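First the structure, in the form of structure tokens, and then the observations on it.
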Amino acid sequence: MAPPFIFPPKIEDLERVEEDEDRLCALSPPDITSLRSSHLEEFVKGLSFDLSDKELFCVEDQDVFDRVYSLVRNFSALTPSCKFNLVESLRSNLSVLIPNVDSLSRAPQDDHDNDQEMSPILDRIVSHRNALKIYTFFLLHIVLVEQSSTQVANNSSKMTMSNRKKNSGNLWNWEPQRARIVGLIANSLEINLALLFGSSNLDENYLGFVVKSAFSMFENAALLKDSDTKDALCRIIGTCATKYHYLTQSCASILHLVHKYDFVVVHLAEAIALAEEKYADGSLAVSLIREVGRASVKDYARDTVGAENIGRFLVELADRVPKLMSTNIGILVPHFGGESYKIRSALVGLFGKLIAKAFKDIEGDVSSKSVRLRSKQAMLEILLERCRDASAYARSRVLQVWGELCEEHAISIGLWNEVAMIAAGRLEDKSSIVRKSALNLLIMMLQHNPFGPLLRVASFEATLEKYKELLSEQEPSDGSILNEIQSNNNTIEAKSEIDGTTMEALALEKPDSATDSCLPYAGVGDIQRDSSVLNVGNLEHARALVASLEAGLRFSKCLSETMPTLVQLMASSSVSDVESTIILLMRCRQFQIDGSEASLRKMLPLVFSQDKSVYEAVERAFIEIYIRKSSVETAKNLLNLFLDSSIGDLAALEFIVASLVSKGDISTSVISALWDFFSFNVGGVTAAQSSGALSILCMAAKLSPRILGSHLLDIIDIGFGRWAKEEPLLARAACIALQRLSKEDKEKLVLGSGSRVFGILKSLISGFWLPENIWYAAADKAIGALYYIHPTPEIFATDVVKSSFSSIFDSNEFNEKSNGVENVNTNIYFSVQVGKLSRYVFIVSHVALNQLVYIESCVREVRRQKSRKGELEADQNTVQSDCTTPDAPKEENSINSELGLAASEDAKLDALAERAEKEIVSASPVGKNLLGHCAPFVSKLCRNFGLMKKHPELQASAMLALCRFMIIDADFCESNLQLLFTVVDSAQSETVRSNCTIALGDLAVRFPNLLEPWTENMYARLRDSSPSVRKNAVLVLSHLILNDMMKVKGYINEMAILIEDEDERISSLAKLFFHELSKKGSNPIYNLLPDILGRLSNQNLMKEVFCNIMQFLISSIKKDKQMEALVEKLCHRFSGVTDAKQWEYISYCLSQLSFTEKGMKRLMESFKIYQHVLCEDSVMENFKNIIGKGKKFTKPELKSCIEEFEEKLNAFHAEKKEQETTARNAQLHQQRVTSLEGLVTNSEDTEDAEAHFSQDGIASTVIGPSLEETAQVLNDKSRRSSVGSDENSSVLSELTDSEIDSTEVRQPEILKTGKLKTLKLNGVVKDGKGTETLKSRNKSKQRQQ
């Protein structure tokens, strides 16, 4: 019998022969490396023949074993055919050996008393065990060798295509062989190996090698893609760990793989689940869960990749073995307090899996259900608490889990509103991923809500009130029943689950109850008429229904209250916020949530977004809501949307309608329906709807002008007919339609009905049949239409201006009126109506502006024709290039180009255009035309401030006309700029100031050099008291700066202040300006920030306002290099200021920066620059915040430096505070010493003066206490103070400020004898010269001596 086979650490160790070891070794293995390929094949065939011809355990024969060993050791050097023959021989023998093990187990049972017969059987068992080990070792070694060689071949990228083609014929199909081998090893472990090894605990050496090989193969991601091999490996791991109790080593290997490789997570979880299912033993899963739970939370914080893999592994386990996980979940709960957010997020997902499984598990008795319910409730409470996790990723994951539970119908009605309120609150989270998850959760809750398809608050309230009344009538004696229902809403869910009757089951029993209770019409009446619902037998159902209605009402109110937040989210810079918000609002509209319709309309301006995905989201929502209907319904939807839209919404509506028409999403049938509405072919159409239909058709004609060509007469007859008097906007819409006509339709209109149309337009402009409030807008479009369709608009416009002048200065109107305006013309005084004069200056200025536009269009047309002519000539020259005769025009063109005549022609054209523009408002008195005479009149009219103040509407029209004339002519603009800025500063009407502010933007575009000196005055509009003026100023300056028409100068701080404007609209515009400004170039805010900081620090802003402004501006800087440079810049600003307030503001800005390692190093290197400001507590607090930030992201080596820097700051701060305290005490001490010295000096002077007076015979009379008493007091104090170590400080401590300040001085009284009378209080005497005296100073000195 051969010695036992022991698995060696390496295959080469089989050649080592130890004297004291009894094991099978390779004693004389043949050297196959020197064999030729033909001899090698013969060698392998001979071995294969022996393996197949002899017994299965012949492999333990020394000769066979040596030959097999030699081939396996040099397996990579074999040819593919040799490899195949060898592997097939070993595999086939092992496959035959495995069934023989069961036959061995039946052999000894026949006659187990005969020991002589038992001995051969035992020998066969030993031989079978040896053969099993040998076959397993050699086959697994072949698999590992081939795996490593395959990886090397795959990693080698230097093999040429020729080598690949050359070697492709030598490759053998290894993957099927590998799957069969690994599967065979797995089968060998699943049989009854206890007979071979004597017990269920197999040989440690055998199991260790098999398990190690299996885990080694698990490290190969490509190998796991083969499902057969992967399944076999999972069986090996599960069998060894569970059946043969190879648990400790398997757990360690599994956790090692999970930590290191993310692709093994799912497969290992599957292996564990299969082992638990097959052997009904969850010891492996339990051991892994406990090992994860025992791990330190700090380890997961350091190993982020491993923490993520472990989290995924736990979630996969919870999905596959929920019962085992739920019984051991307490071990994992402490990790919620760890620093690793990935582990916390994974635990949240794990809880979600368990809760979903718990809802689906309906087996077990009432007690087990109660236990599961309590554990589930605890998990739900943890999930609710985790919504406030410090990590945004964890909060987002919690909301995602709630969404999954909602989709699985695993959220009870009792928790429904609490989850909805949490999701609504997370809509304002600072992290975009959390907001996205909250939006998706609300969308999911709407789709799976248990309250019905309609969630209007009014319907719920009405239905709930009726059901409460019916329920109270059912139980009139029990007045507390409703209170009981209201107080026990949350307990209904728990009771129904324990009893096996959930709210969903109730809905199934009464299908009309839960759904129809939400319906506002027939459904509610049907429920109210159903008396069987509220009988005594169904009382519990009625209570549950009332509770469900109350929950639905709260859910509806919760969603309706989120509408303002959703409107704000549509303006978010995050694309995911906008897209998810639009989807949620669409779902809310589908369920008829209050306010959803109005909120959805706020999405229209988003069509101008530069982000393509945002525009596509808006377009999809618009099509789904308004377009995907029948043609008539679509037309009605567009009409209603138009009539309810603001001016900004109309611009967005025009853009999207024109785009949809060009794409074909708005069909011709919808266009026909709109024409029917405009032509009053539909019953019940109002004039406003007709005007709206024409406006929408004009929007559609913006990119498809042929839409209007088929209804020209209808536009004229209806647009300017009797309906125009009922609906003033109809005439304006008709004028817009005329401007949208195609070139062919325009010519057709002029030829067919030109005179009629021009007459109508003339009467509209110069007539008075339109109301005052709409005439200006209609006249604006009418003059534009006139210049668009008339062949000679300048001639016809002259007649219009003259007609307007005649209508104003008509002889019948010369009588004086109370509201008239006196004008001077050739020394004739007459009065006109203010309204007519306002119209006249509007017409004149608008004609002048359109004349300028007309001249520019003519110049463009001339250049276009010239360019087309040049292209035609170039094509003709190309065709004639093959002719032999010289081309005279071609030579002429070449000569002209050489002489520069083409450029001179362009210069002439530019000169003519400039002259034509100059003639509109000519400065020469001789050359003035009709409009030129009007411009000075308008200027004089605007300078009459008394008249303008009296008539604000006239001032608005006159200033608008003045601005138009200024836009046309540079000289006129320069001469009236002072007037314009005076009016914009002092005008009482905010309309005038707003119009002038907008005009300043146009002037800055047209004449930037003229407006450049007035830049400060333009920024001053941002400080206007009117919100509308400030808003227009923000819009104007934003347009100029963002389009590089105005340089960002030192007044940008005025715009920054508006970030915290009290008007939310202005604040949003200012934030949008800085957001767009940050996208330009290398972010100009980076360069502007120090200047803004300095200017804002000098203004009297509230600290909160300043902090909010700077926080927003700093947040727009994203680049690390700019942040690092800002650290240095802000540190240097400390040395240039001495105000403690500015120190605090600069340090606050530093604390708001995003610090990198370089930034922290620069801050520490600049310590000497700002060390003098560390005495301020507020500054020190900001530096502490910076250090707190630095500790979170830095590496360990830098973290120690930061800690040393923190200690240095604290020490310096304490030293500075101590120095400051000492200096303050010294100053107080010096003040007191100075006061005492002055007191003593004055006393000496007074005594000398008394002696002088007494010598001259002048007596001093003192009223009050005697001087001796005062001197005695001072002497006593002086005596006591001499005992101390420091005489001066002791004296000062006794002579307090209150004693000095309590002295009162009175005017000296002159006695009748002419002597000066002194007054004394509290022992201090003053004479007439104001000198203090102490009479007994000499006596006190003597006493001290």
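If you're wondering where the values come from, they're calculated on a predicted model, not measured in any experiment.
- Among all heavy-atom pairs drawn from Val750 and Pro791, the shortest one is CG1-CD, 4.5 Å.
- Annotation: side chain of Thr997 is not in contact with side chain of Asp1024 (no heavy-atom distance under 4.5 Å).
- Look at Glu1064 and Lys1071 and you find no salt bridge, because none of the NZ, NE, NH1 or NH2 atoms lies under 4.0 Å from a carboxylate O.
- Proximity of Glu953 to His951: side-chain heavy atoms (C-beta onward) are separated by under 4.5 Å at one or more points.
- Gln851 and Tyr787 are linked by a side-chain donor-acceptor pair at a separation below 3.5 angstrom, with hydrogens and angles left out of the test.
- Ion pairing between a basic and an acidic side chain is recognised when a charged N comes within 4.0 Å of a carboxylate O; Arg964 and Asp1002 show no such pairing.
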For Ser613 and Asp611: C-alpha separation, side-chain torsions, deciding distance, then whether side-chain hydrogen bond (donor to acceptor under 3.5 Å, both in side chains) applies. CA-CA 6 Å; Ser613 59; Asp611 197 306; 2.5 Å; yes

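- When side chains are defined from C-beta on, Cys942 does not count as touching Gln955, because their heavy atoms never get closer than 4.5 Å.
- In terms of modelled atom types and a separation under 3.5 Å, the side chain of Ser631 and the main chain of Val670 share no donor-acceptor contact.
- Using a cut-off of 4.0 Å between Lys/Arg side-chain N and Asp/Glu carboxylate O, Lys1031 and Asp1063 are scored as not salt-bridged.
- Aromatic ring pairs are classed by plane angle as parallel below 30°, tilted from 30° to 60° and perpendicular above 60°; the pair Trp675 and His711 is parallel.
- The line from CG of Asn681 to OG of Ser672 is 11.0 Å long, rounded to the nearest 0.5 Å.
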Does Arg740 form a salt bridge (Lys or Arg N to Asp or Glu O under 4.0 Å) with Glu654? I'd like the steps, not just the answer. CA-CA 13 Å; Arg740 297 285 170 87; Glu654 180 178 8; 2.8 Å; yes

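- Atoms CG and CZ, on Leu786 and Phe758 in that order, are 7.0 Å from each other to the nearest 0.5 Å.
- Between Arg1030 and Asp1061, at least one side-chain N (NZ, or NE/NH1/NH2) sits under 4.0 Å from a carboxylate O, which counts as a salt bridge.
- In this structure, the ring of Phe768 has its center no less than 6.0 angstrom from the ring center of Trp775.
- Atom CD1 of residue Ile789 and atom CG of residue Leu749 lie 5.5 Å apart, to the nearest 0.5 angstrom.
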Might you work through the side chain to side chain contact (heavy atoms under 4.5 Å, CB included) test for Ser609 and Val618, ending with a clear yes or no? CA-CA 10 Å; Ser609 174; Val618 176; over 6 Å; no

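- Between Ile625 and Lys629 the shortest heavy-atom distance is O-NZ, 3.0 Å.
- Taking both residues in full, the closest heavy atoms of Ile718 and Leu730 are given as O-CD2, 3.3 Å, listed atom of the first, atom of the second, then distance.
- Lys748 and Asp745 are not joined by a salt bridge, as no carboxylate oxygen comes within less than 4.0 angstrom of a charged side-chain nitrogen.
- A donor-acceptor contact shorter than 3.5 Å links the side chain of Asn1043 to the backbone of His1039.
- Between the side chain of Ser989 and the backbone N or O of Pro952, no donor-acceptor pair lies under 3.5 Å.
- Atom SG of residue Cys963 and atom CG of residue Leu849 lie 11.0 Å apart, to the nearest 0.5 angstrom.
- Between the side chain of Gln689 and the backbone N or O of Thr686, at least one donor-acceptor pair lies under 3.5 Å.
- In this structure, Ser704 contributes its side chain and Arg706 its backbone to no donor-acceptor pair below 3.5 Å.
- Counting only distance, with no hydrogens or angles, the side chain of Tyr788 and the backbone of Leu741 share a donor-acceptor pair below 3.5 Å.
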Side chain to side chain contact (heavy atoms under 4.5 Å, CB included) between Ser845 and Leu960, intermediate numbers included
CA-CA 8 Å; Ser845 62; Leu960 187 60; 5.8 Å; no

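- Side-chain contact between Ile666 and Thr634 is absent, with no heavy-atom pair separated by less than 4.5 Å.
- Taking 4.5 Å as the limit, some side-chain heavy atom of Glu461 sits within range of a side-chain heavy atom of Lys557.
- Looking only at distances, a side-chain donor or acceptor of Arg1006 sits under 3.5 Å from a matching main-chain atom of Ile967.
- Counting heavy atoms from C-beta outward, Leu650 and Met699 have side chains that approach closer than 4.5 Å.
- Comment: Glu597 does not engage Lys602 in a salt bridge, judged by the lack of any side-chain N to carboxylate O separation of less than 4.0 angstrom.
- With Ser806 contributing its side chain and Lys802 its backbone, the two residues share a donor-acceptor pair below 3.5 Å.
- No side-chain donor-acceptor contact under 3.5 Å links Ser1038 to the backbone of Phe1073.
- Residues Trp723 and Ser690 form no side-chain contact, since every pair of their non-hydrogen atoms from C-beta on lies 4.5 Å or further apart.
- Minimum interatomic distance between Asn850 and Gly784 (heavy atoms only, all atoms of both residues): OD1-CA, 3.7 Å.
- Residue Lys949 qualifies as open at atom NZ: its count of foreign heavy atoms under 6.0 Å is 12 or below.
- Between the side chain of Ser580 and the backbone N or O of Asp577 there is no donor-acceptor pair closer than 3.5 Å.
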| message | Before you tell me yes or no, could you show the steps for Asn637 and Ile627 under side chain to side chain contact (heavy atoms under 4.5 Å, CB included), namely the whole-Å CA-CA distance, both residues' side-chain angles and the distance that decides it to 0.1 Å? | response | CA-CA 8 Å; Asn637 290 336; Ile627 306 301; over 6 Å; no

Next on the checklist: Show, in sequence, the C-alpha distance, side-chain angles and deciding distance for Tyr776 and Arg839, and conclude whether the side chain to side chain contact (heavy atoms under 4.5 Å, CB included) test is met.
Outcome noted: CA-CA 8 Å; Tyr776 288 97; Arg839 290 192 179 193; 4.2 Å; yes

Taking it one step at a time, do Glu579 and Arg620 satisfy salt bridge (Lys or Arg N to Asp or Glu O under 4.0 Å)?
CA-CA 11 Å; Glu579 294 178 348; Arg620 288 194 300 269; 5.4 Å; no

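- Between Ser803 and Lys762, the shortest heavy-atom distance links the atoms CB-CE, 3.8 Å.
- Arg601 CZ to Ser596 OG: the interatomic distance, rounded to the nearest 0.5 Å, is 10.5 Å.
- A 4.5 Å side-chain heavy-atom check between Phe677 and Ile696 finds every atom pair outside the cut-off.
- Interatomic distance, CG of Leu694 versus CZ of Phe678, reported as 4.5 Å (0.5 Å rounding).
- Heavy atoms only, all atoms of each residue included: Leu761 and Ala782 are closest at CD2-CB, 4.1 Å.
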